Amino acid sequence: MIRSVVIVGGGTAGWMTATYLKTAFGDRVDVTLVESAQVSRIGVGEATFSTVRHFFDYLGLDEREWLPKCAGSYKLGIRFENWRKPGEHFYHPFERLRGADGFSLAEWWLELGDRSEPFDRSCFITTALCDAERSPRMLDGSLFVSSLDGPLGKSTLDDQRAQFPYAYHFDADAVARFLGDFGRARGVKHVVDEVVDVGLDSRGWISEIRTKEHGAITGGLYVDCTGFRGLLINKAMGEKFQSFEDLLPNNRAVALRVPREDATDMQPYTTATAMTAGWSWTIPLFRRNGNGYVYSDQFITPEEAERELREKVAPGRDDLEANHIRMRIGRNDNSWVNNCVAIGLSSAFVEPLESTGIFFIQHAIEQLVKHFPDGGFDQRMISAYNNRINKAVDGVKEFLVLHYRSADREDTPYWKETKTRPIPEALQEKLALAESHLLDEETIYPHYHGFESYSWNTMNLGLGRIPLTARPALRHLDPTNALAEFAKLKAEADEMVATLPSCYEYLASIND
Ligand SMILES: Cc1cc2nc3c(=O)[nH]c(=O)nc-3n(C[C@H](O)[C@H](O)[C@H](O)COP(=O)(O)OP(=O)(O)OC[C@H]3O[C@@H](n4cnc5c(N)ncnc54)[C@H](O)[C@@H]3O)c2cc1C
């Protein structure tokens with residue numbers, strides 16, 4: 001029986017893992033987290049996925065309790081700017097497509113949509129809330145989609161049935177601190193020290209980790225949360241890391257924390273803006289913005305990237321310190337090897353275009369609990385875990401490659417190259433299919449990876465390169481119900497915009 005887990009690393013991955021395991025297993029499993037005061041956390045990772053609420057609910061945390069302590073704000077989706085051409089934008093919201101007479105509104109929009117009104121404004125409610133900078137909650141705390149309100153209890157991603165309409169933006173360091181306090185109060189042992197060596201037995205299993213000041217620390221299972229270093233999984237166990245750079249060449253980022261001039265002007269969405277050699281993010285937190293530029297160093301130098309980012313988001317603010325980050329894009333062949341499991345950046349990372357880093361962590365922790373080993377470490381359980389993790393990461397990889405291939409933009413060497421770079425055959429087939437009819441749950445990437453068909457279609461519709469056509473059947477159908485659904489959606493959106501408080505107003509009310 002495994003009675004103790006040793007986690008190395010105290011970033012978002014380490015503390016999410018420690019608090020989740022403690023909540024799941026209580027006193028039956030000892031959890032020790034070792035983190036170095038010298039090696040800093042990555043310090044980014046501020047936009048999340050709508051499913052993250054399962055994590056906080058599992059811990060029994062109400063968002064009114066933790067969100068204000070983490071400079072948190074709401075995210076209703078991602079606004080993609082300039083990906084089709086400069087000056088154009090569309091939203092990828094957390095909202096499934098409605099339908100009429102068996103066809104989604106996106107398909108109806110292709111057949112009879114008013115082209116002066118973009119598809120995302122015609123087919124989703126949330127886009128109107130984004131434009132009007134509305135909160136998804138009323139001042140009394142109720143959610144604008146009342147059927148989805150209320151805590152989830154100890155549910156997991158596997159139980160997710162409905163599409164929740166928002167995710168969060170938060171200060172990553174503040175979340176790690178908050179979860180640290182939460183974990184220590186519930187019995188997580190916290191050792192602040194540097195791991196200088198990892199002991200392996202004759203079979204290649206971890207026998208102990210050696211620290212500078214606290215000597216050897218042992219456990220039944222070791223979790224590597226050391227970030228891009230992969231101290232346990234790669235350096236000690238020698239597991240191979242597969243790079244995705246041939247498909248996703250962005251390998252660097254530069255980040256800036258920028259105070260917002262008008263704190264009340266709070267956009268309830270992440271913005272991803274196409275740049276000369278990559279894209280930049282804007283993540284509005286409660287009082288400041290997180291900004292960054294993700295790029296490929298084959299096309300632009302770090303100095304040029306920093307200059308381009310500063311000009312865009314912080315002109316005249318040379319006092320703000322830039323954080324330059326080299327990114328390791330790809331995944332381990334296996335993230336669980338013998339008695340070592342890697343979670344977080346040590347396991348896998350694709351660029352943060354769809355904010356999937358924390359989603360990968362949450363998915364991995366849930367799967368770890370589901371596949372938690374006994375002393376025998378059943379290899380079939382370990383393989384099942386690795387299979388799930390690899391499939392989820394590979395699905396997101398494919399979805400992100402679509403972002404570049406389907407983007408109409410081709411005006412710089414970087415954007416030109418996105419059209420000639422080889423792409424996975426399976427994606428090529430999906431894009432060819434999408435020209436004939438929109439993708440559905442049967443024709444998107446077939447394994448769980450966090451995205452549904454509405455996301456794949458939203459990106460193809462918004463990015464504009466793939467010529468999409470309506471199914472011929474729609475020409476033979478009476479459009480009355482579809483037109484009524486478009487009108488109903490617009491009326492609901494108008495009412496929500498008129499009724500909901502601004503994002504700032506609501507968050508200020510819970511920050512008091
Ligand atoms: C540019 C960029 C933007 C991102 N944006 C997003 C986003 O918007 N949304 C999202 O979901 N994800 C995002 N991510 C991913 C996200 O940042 C990470 O998934 C998340 O922060 C988890 O990081 P981590 O805990 O794995 O690693 P880190 O934060 O790097 O933590 C590593 C920990 O290991 C410790 N450590 C290292 N070596 C030792 C040692 N020898 N001894 C003891 N301790 C050690 C360090 O002290 C630290 O505590 C982004 C990542 C990058 C690079």
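Numbering of ligands and ligand atoms starts at 1, following listing order. Here, residue 1 is the first one in the sequence, and each next residue gets the next number. Since we're looking at a predicted model, the values are computed, not measured.
Atom numbering of ligand 1 starts at 1 in the shown order; those under 4.0 Å from a heavy atom of E194 are 41 (N), 42 (N). Of all the atoms in ligand 1, the ones that sit under 4.0 Å from a non-hydrogen atom of L231 are 40 (C), 41 (N). Per-residue contacts place S355 under 4.0 angstrom from the following atoms of ligand 1 (heavy atoms of the residue considered): 9 (N), 11 (O). Each of the following atoms of ligand 1 lies closer than 4.0 Å to a heavy atom of G344: 26 (O). Near A253, meaning under 4.0 Å from one of its heavy atoms, ligand 1 places the atoms 1 (C). Within the listing of ligand 1, atoms 43 (C), 44 (N), 49 (O) sit less than 4.0 angstrom from a heavy atom of E35.
Side chain to side chain, N332 and Q242 fail the donor-acceptor criterion of an N or O pair below 3.5 Å. With no hydrogens or angles considered, no side-chain donor-acceptor pair links T218 and E208 at under 3.5 Å. In summary, the side chains of E88 and N82 do not present any donor paired with an acceptor at a separation below 3.5 Å, with no hydrogens or angles considered. Side-chain atoms of W279 and E81 include no donor-acceptor pair closer than 3.5 Å. No hydrogens or angles considered: nothing links the side chains of T271 and T282 as a donor-acceptor pair under 3.5 Å.
Between L461 and D120 there is no side-chain heavy-atom pair separated by less than 4.5 Å.
Residue-level proximity to ligand 1 for F349 is carried by the side chain, the only part with a heavy atom below 4.0 angstrom. Only the backbone of E46 comes within contact range of ligand 1, with a heavy atom under 4.0 Å; no side-chain atom does. Counting heavy atoms closer than 4.0 Å to ligand 1, residue S36 contributes atoms from both its backbone and its side chain. With a 4.0 Å cut-off on non-hydrogen atoms, T270 does not touch ligand 1 at all. By the criterion of a heavy-atom distance under 4.0 Å, the side chain of W281, and not its backbone, is placed next to ligand 1.
Scanning the protein for heavy atoms near atom 35 (C) of ligand 1, the closest one is G9 CA, 3.6 Å. With hydrogens left out, the protein atom closest to atom 9 (N) of ligand 1 is A47 O, 2.6 Å, a heavy atom. Nearest protein heavy-atom neighbour of atom 5 (N) of ligand 1: P352 CB, 3.3 Å. Protein heavy atom closest to atom 25 (O) of ligand 1, with residue, atom name and distance, is A13 N, 3.0 Å. Ranking the protein heavy atoms by distance from atom 33 (C) of ligand 1 puts C225 O, 3.5 Å first. For atom 42 (N) of ligand 1, the nearest non-hydrogen atom of the protein is V195 N, 2.9 Å. Of the protein's heavy atoms, G10 N, 3.8 Å lies nearest to atom 48 (C) of ligand 1. Of all protein heavy atoms, the one closest to atom 2 (C) of ligand 1 is V44 CG2, 3.4 Å.
Taking each of I283, I361, T12 in turn, the one with a heavy atom nearest to atom 19 (O) of ligand 1 proves to be I361. For the residues A272, G290, A255, G227, the heavy atom positioned nearest atom 27 (O) of ligand 1 is part of G227. Among V39, V196, L33, the residue whose heavy atom lies nearest to atom 47 (O) of ligand 1 is V39.
The closest approach between a heavy atom of T48 and any atom of ligand 1 is not below 4.0 Å. Distances from ligand 1 to the non-hydrogen atoms of D193 include at least one value under 4.0 Å. Residue contact annotation: A172 has no non-hydrogen atom under 4.0 Å from ligand 1.
Ring planes of H92 and F451: tilted class, angle from 30 to 60°. Aromatic ring pairs are classed by plane angle as parallel below 30°, tilted from 30° to 60° and perpendicular above 60°; the pair Y20 and F55 is parallel. Ring geometry for H403 against W83 counts as perpendicular: the plane angle is over 60°, on a 0 to 90° scale with 30° as the lower cut.
Backbone and side-chain nitrogen or oxygen atoms of G14 are examined, and none is located within less than 3.5 angstrom of a nitrogen or oxygen of ligand 1.
Open room surrounds CZ on R3; 12 or fewer heavy atoms of other groups in view lie less than 6.0 Å from it.
Salt bridge E321/R257: absent, no basic N to carboxylate O contact under 4.0 Å. Using a 4.0 Å cut-off between charged side-chain N and carboxylate O, D394 and R331 make a salt bridge.
Taking the six-membered ring wherever Trp is involved, the centroid distance between the rings of Y168 and F170 does not fall below 6.0 Å. For an aromatic pair to be called close, the ring centres must be under 6.0 Å apart, and Y414 with Y295 fails this.
Applying the ring-ring contact (aromatic ring centres under 6.0 Å, His included) test to W281 and every residue at least two apart in sequence or in another chain returns nothing.
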